[in-house]
Each structure stands twice: as structure tokens, then as C-alpha cells.
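Just so you know, these numbers come straight off a predicted model, no measurement behind them. A, B, ... follow the sequence lines: proteins, then strands. Residue 1 opens every chain.
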Amino acid sequence: MKPQTDEKLLLEGLAVNDKKAVELIYKENFNTIQALIINNNGSSDDAKDIFQEAMIVLYEKVRTGGFELNCQLKTFLYSVARRLWLKRLQQQNRYSSPGDSMENVVEVDDEIEDHERKNAELDMMEHAISNLGEPCKSLIEAFYLQKKSMQEIASSFGYTNADNAKTQKYKCLMRLKKIFFTQYKNGQ
Amino acid sequence: MEDTKMIDVVERYIRGEMKPDERLAFENLRKSNPDVDLLVVEHTLFLQQMNRFGEIRNFKSTLHEVHTDLAEQGKIESARLKGTAKVVYLWKRYKRVTAIAASIAGITTLTISALVWALTPQGNNQTEELSLKFNKIQEEQKAQKAEVNNLKNKISARPIAYKSGGTSFLIDGKGYLVTNAHIIRNSKNVVVVNNKGEEFATTVVKIIPEKDIALLKIADETFKPIPSLPYGIRKSSTDVAEPIFTLGYPRNDIVYSEGYLSAKTGKNGDTLTCQLGIAANHGNSGGPVFNHDGEIIGIVSTRDTEAEGVAFAIQSKYIFDAVDELKKDTAYQSLRLPVKSTVKGLDQTQQVKKIQDYIFMVKAD
């Protein structure tokens, strides 16, 4: 098998959150990125953070499908992690110029910008859900995230029937959307 | 149409679950009614955000799991840096401080040695010799002690009837465990058994009866030190109502039970303990209480005799106190408590899988 088809398969696995694929990518790339970060004033915790964020950038790209990588997977991850780390150093006023060669680095500024915007939206959703309170939080998570049916939800939350659960879910949803969109419109 | 139904219809439309004719009818409604159209647009965006939130959350948990697995299998360099990487890291971090410290130290040393050289009377050979002799005596003493211990071990080799039992857990991979003082009160022999049934002899290194804490050290050649423990010990207190779980040996197998923290203090406002809403049995004593991040927040110690499902745990900060107390003895300087939980973010089944190997049954005579 050609390396390119290999990587294509890996990305397809990544897109559906397949643990084996994630593990392979992780194993192949983590040490290089950890070395980069540690050689540039970082700790191993920083390395884990940055690497996982770079993985999320990649995941965001592939999860909706139709994404093709125009460089090697490892180059992409390295470039993203490098950019993320330099950015973080800058924010902490600890800028240093990494002593690595620029050979294996591609331009990823757009990706990072996109990622930051998406991250902000994600934070809004997280904030909105965590402000919802119980039982709304669990109810919404069960329906929209764990994709449980209304019958299942009714029985596990102790509602007398699915219609009652539905009414309750509706009320929760309205509150959630209100919190979310208030932030969303302010953030735009 | 009712609002509840409307959302239902819109969601079915967005998910593409409508039959063609229904879909057509709905699309016509959308065209004619701008409110409906706005609702569809808004709700599509909302559902997209929601889905993404869920997927990213799952992905983060996969990443976390993978990281822990690979680090454990040694396939990536784990949290502990080794060899040159660590030296490089420390060097970079402390370059300046080291330089300053080194120059100050250099100057001081030079001055002091000059002074000493100038001021010391000659002929201090005698003192040196004495200290050498002293060392020799100490060594002999050590050898004698070891022999006596050997003999003692041989004498006590007859089978031991264990009377008391409980749970304990590792707080340092080198073989340090914590348990309740009441389990090992007046015991001569204390052994611990892991969930595979392997037995290890231990020595009691510290008992603090008023806190009901005892520290043990495994003294058995068959015990292999563990490079890093998967859980951390929490220094600060936990919030009331937080879900918690415990692992212990109320019988010969390790048993999991879960509950919640019901009060930050124990019975009658006791500040040493906290109250748990959990079913605990004899034998759970000395077991760790974990929060959902896999951090130890306490040691199960007693249960309420008047109420069902109420137990008390010694707050974890007292483990730190006990260890500090022990470390006053220079022989235990190397003891390090784990403060970071590497199982944070994993689901409970995974957490228990990784944790259970470090929870031991205690048997005392």
C-alpha cells in the first residue's frame, strides 16, 4: 500500500473517532512534537495539551468529510502544533524562536484562525449547557448527544410517558437556545 | 401549531426524516411563513453546534484514553522526562537562576575556604580519624541489626492467624500504602494482598491514632515498584453532592460502590472527616474515596450505626499531614505523593480498570 492511501485511511478513521486510527497517529507524531515543545521552554504537560489541540484541529477538518490534506500528515500536525505553541508563548510574553529548520513546516495560519473561532463557539455551547442546571442538562445531553429516544429518556428520568418528557425537553431546549444565542450574537 | 410540535417537525426536517410529500408541504410553509424559515435556519445552526460539541467532547475523551494507554505501554515518552530531555528542559528553565546561584556560591566558597585556611590551626587529622571510626561502628551496628531482623523473621515464620482486615492503597509506587490505624492496632504482622491474590509483607512505618491513619511500607522482594500511580491525592476539599466512588475489600474480591459527598464534615461537625452517602461495609475501612476525576478525596473510616448508607471518610489533606510527619525521619525523604490524576476524563469503567491494581486488602493479626 502506498503511504498516501495509508494516510487517507487513517484520516477516514479519524473522522469517525476510531480509536485505532487515533492511536496510530498519536504514536507516530507525539514524540516529535513533545521534543519541539520541551526544547522551547515547555513542559510535558504543555506538550500533551498542544499535541491534543493540534489533533482537534485535524479532526475538525476531517469530521465533516471532503477534506484532503495537501501535505504529509506529520507535516500538518507539526506545523499546527508549532504555530499553536509559538502563539501561546507570545501570549505569555515568552516568545522564543524555535531552532528547528523550516523545511518541514507548512503555512497554517488560516487553520489556526478557523480553529480559534470554532473553539470560541464550543466554549459558548459548553457554558450554555453547564448553566442549564439539572435535570435540563442531563435531559438535553441524553437526547441530543447520546441520541436516546424519548421513550428511553422518559423511563430513565422517571417521566410517566414520552409526551411528558418531550414537554420538559422542549422547555429545556428553549432555555438552552436562549443562553446560547445571546452569547453567540454578542460574539459575532 | 403548538410550539413543541413545531420544534419536532423542524428537527425531523433538518435530519431529513420526512417523507417526500411531507417535505414538500413543509418547504412550502417555509416559503410562505418567514417565521418558520427563520426557525429552521436558527435551529439548523444550533443543532450543528450541538453535534460538534458532542463529537469534539467524545474525541477529546478518545485522545485522553489513547494518551494514557500509550504512556502506560511506553510507546510514547510519558509524562516523566528521561535522560537528556529532562536535563535540557531543566537547564533551559533554570539557566539564569543557576548562573546567578553558581556565581554567588562560587564567591562564597572561595571566601570561606580562604578564611578557614587562614584561621584553622594545623593538625585536625585526629578529628577526621575519629569520624571514620565512628562510621565503622555504625556499619557494624547496621550489620548486627540486619542479622537480628533475619533471626526474628525466621522465628516468626510459623503460620499467622489474621484477625483484622481492611483496605489500603498505594500512595507512592515505591511501596508506601495508607490505611486506617484501627485496622492494625496492636498487630505484629501486617500483610497486604492485591486483586490478583499476591501477598506482600509490610512494615508499619507510622501510626497516627488520633487521625486514624496508618502508613505501611511493603517490605517484600517480590514487590516491583510502580513508576507512576494513575490517581492523585487531592489537597483541597470537594464540593457537597459531587459523585464519588470507592474500591475496597469487604470480601475477598475487590468491590466497587458509588455514592456522593453529603457533607464536608463528619458526625457532629467533626472536621477530620467528611460524610458520604454510600453503602460501606466492614472491610471497606482504609479504602480510597475517589471523585469523578480519579482524585482521592478521602479514606473510608467508619459508618453510621444509626443510619443506613451513611459512612465517614478521613479528608485526604490529612494524608499529606501524615506523610509530612513521617518525612521528619530522614529515611523517608524520598516519599512523593501523587498529586495529578492521569485517569481524569476517562469513563468510570476505564478509571476503575486502571486504578484497581493499586488497591490492596490488609490483613493484620
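Other residues, nucleotides and ligands contribute over 12 non-hydrogen atoms within 6.0 Å of the NZ atom of A:Lys19. Counting heavy atoms of neighbouring residues, nucleotides and ligands inside a 6.0 Å radius, atom CD of A:Glu12 exceeds 12 of them. Atom CD of A:Glu126 has 12 or fewer neighbouring heavy atoms from other residues, nucleotides or ligands inside a 6.0 Å radius. Applying the 6.0 Å contact sphere to NE2 of B:His292 captures no more than 12 heavy atoms from other residues, nucleotides or ligands. At most 12 non-hydrogen atoms from other residues, nucleotides or ligands lie less than 6.0 angstrom from NZ of B:Lys344. Atom CD of B:Glu17 is surrounded by more than 12 heavy atoms from other residues, nucleotides or ligands within 6.0 Å. Within a 6.0 Å sphere centred on OH of B:Tyr260, heavy atoms belonging to other residues, nucleotides or ligands number 12 at most.
Taking the six-membered ring where the residue is Trp, A:Phe181 and B:Phe46 present tilted rings, their angle falling between 30° and 60°.
Proximity of the aromatic rings of B:His67 and A:Phe51 is defined here by a centroid distance below 6.0 angstrom, and this criterion is not met.
With respect to the salt-bridge test (charged N to carboxylate O, under 4.0 angstrom), the residues A:Lys27 and B:Asp69 do not qualify.
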- prompt: Given the rule in the side-chain hydrogen bond (donor to acceptor under 3.5 Å, both in side chains) test, do B:Glu11 and A:Tyr144 qualify, once you have shown the distances and angles that lead to the verdict?
  reply: CA-CA 11 Å; B:Glu11 282 184 357; A:Tyr144 288 102; 2.2 Å; yes
query: Given the rule in the side chain to side chain contact (heavy atoms under 4.5 Å, CB included) test, do B:Glu65 and A:Val22 qualify, once you have shown the distances and angles that lead to the verdict?
result: CA-CA 10 Å; B:Glu65 239 172 77; A:Val22 176; over 6 Å; no
field: Derivation and outcome, side chain to side chain contact (heavy atoms under 4.5 Å, CB included), residues A:Lys118 and B:Ile56
entry: CA-CA 11 Å; A:Lys118 284 180 170 164; B:Ile56 299 265; over 6 Å; no
message: The test is side chain to side chain contact (heavy atoms under 4.5 Å, CB included); show your working for A:Gln52 and B:Lys60 and say whether it passes.
response: CA-CA 8 Å; A:Gln52 296 199 348; B:Lys60 277 185 183 164; over 6 Å; no
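Within the structure, side-chain hydrogen bond (donor to acceptor under 3.5 Å, both in side chains) contacts touching residues 45-55 of chain B (residues at least two apart or in different chains) are A:Glu60-B:Arg52, A:Arg63-B:Glu55, A:Glu121-B:Gln49, A:Glu121-B:Arg52, A:Lys147-B:Asn51, B:Gln49-B:Arg52.
By number of non-hydrogen pairs under 4.5 angstrom with chain B, the leading residue of A:Ile56, A:Ile129, A:Ile140, A:Leu176 is A:Ile56. When A:Leu173, A:Thr167, A:Leu14 are compared by the number of non-hydrogen pairs under 4.5 Å with chain B, A:Leu173 comes out ahead.
Taking NZ from A:Lys177 and CG from B:Leu47, the interatomic distance works out to 7.5 Å, rounded to the nearest 0.5 Å. For the atom pair B:Leu63 CG and A:Lys48 NZ, the distance stands at 9.5 Å (nearest 0.5 Å). To the nearest 0.5 angstrom, A:Asn17 atom CG is 6.0 Å from B:Asn58 atom CG.
Put simply, the side chain of B:Arg57 reaches to within 4.5 Å of the side chain of A:Leu145, judged on heavy atoms.
Under the side-chain hydrogen bond (donor to acceptor under 3.5 Å, both in side chains) criterion, B:Gln350 pairs with no residue at all, not counting sequence neighbours.
Proximity to chain B is limited to the side chain of A:Glu141, based on heavy atoms less than 4.5 angstrom apart. Of the atoms belonging to B:Leu70, it is side-chain heavy atoms, and not backbone ones, that fall under 4.5 Å from chain A.
Nearest heavy-atom pair across A:Leu122 and B:Phe53 is CD1-CA, 3.8 Å.
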